[in-house]
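For reference, the structure discussed in these notes is given below.
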Amino acid sequence: MQGCCRPFRIDRLVPLTISRGQTRCLERLLVEVRHGGITGLGETGHVDTGHHRYSSQAVAAELARLWPQLEPYAPHQWQRCEPLLAPLSPPARCGVDLALRDWWGKSLGQPLWRLWGLDRQRCGATSVTVGLGSVEAVRQRLRQWFEQVHPSRIKLKLGSPRGLDHDRQLVQATVRELDRWPGSVDVQIDANGGWDLAQAMAMAPWLHDQGVVLLEQPLPAAPDDHEGYAALRPHCPLPLVVDESCWTLQDLIRLAPHVDGVNLKLLKHGGLSRTLLMARVAEELGLQLMLGCYGDTSLLNGAAAQLLPLIRWPDLDSHLNLRHDPFLGLERIQDVIRPGTAPGLGIQLAKPLPQC
Ligand SMILES: [Mg+2]
């Protein structure tokens, strides 16, 4: 096989602010593998969750070193390719894994969800994300989402550097705004590790009283963060979900006794192959599954969407907040996202890639 990757830039429609800072534009990599007249596509790029950081340039350099080693093999020879992929960083592995899987599905003429026997009718509503900001900015973002997708689940970012009082104001403003909407809307909170244990213990029951249904990553990620979750859980009446804390199977096994769910992401775990494994192990450990994204286009979210039938809390909204998504093929009816029916990842390049 022949492989290559091309950098491209994407701009958010609305900049997203979380506890660690704000992002407006992101550099991404389109990964391609070619063999036998079929091209498999993958996407990867910069990831920074505070304690794990990978730049697009470093990921591109890893892939440039990989391509000559993969040349003797066909994309379906996973077992032979596996030792070459094993040393890669999770985002580098993600890019090539997606391209190999896309090639495989295309070579068989089937979408991946069908090859894995998954039921596409089981895809539930995705949450849409409202970042940190002023009370008025949060109200305005909620109204934009209402116009765009009529969401039934909102993920509100907390862990504001302005403190817990500001966090509480944002929750109250959100609840007041949603009371004016038709139908019921679930509110879940993602603090992105912005609280310490005492703050999380104070906030969890208060959030429950406000009608919030889920609490994600209240505590900072750390090698011993399972101790914090063990202490927090008896005081937390909401389902507790970890995101930044859980990158590997070892993290999953360490945290599983102390939380209720895990937010899976292809860039964190190294692509579809490993994320599917993580999902199945998490199910066996009794955890509920969320499936999330970073600043990803509909190519990476279209890949993640292949797993949506397994997911309790879909969280794949990043492509809906892009100024120019270069890809098409990911299906959406209001706030329900489904994987495409075309072979492989089901995603095509719709327009030329914006240059970095
Ligand atoms: Mg999160």
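Note that ligands are numbered from 1 as they come in the structure, with each ligand's atoms numbered from 1 the same way. Everything quoted here is computed from the prediction, not taken from an experiment.
- The pair Arg65-Glu62 fails the salt-bridge criterion, with no side-chain N (NZ, NE, NH1 or NH2) lying under 4.0 Å from an Asp/Glu carboxylate O.
- For the Mg ion (ligand 1), protein N, O or S atoms closer than 2.8 Å were enumerated as Asp190 OD2, Glu216 OE2, Asp243 OD2, with waters left out.
- In summary, the aromatic rings of His269 and Trp247 are positioned with their centroids too far apart to meet the 6.0 Å limit.
- Of the charged side-chain nitrogens involved, at least one lies within less than 4.0 Å of a carboxylate oxygen, so that Asp260 and Arg233 count as a salt-bridged pair.
- Under the 4.5 Å side-chain criterion, counting only non-hydrogen atoms from C-beta, Arg139 is in contact with Arg176.
- Of the residues His324, Glu43, His319, the one that meets the side-chain hydrogen bond (donor to acceptor under 3.5 Å, both in side chains) test with Thr297 is Glu43.
- Legend: residues meeting side chain to side chain donor-acceptor pair (under 3.5 Å) with Thr129, ordered by chain and number and at least two apart, are Asp317.
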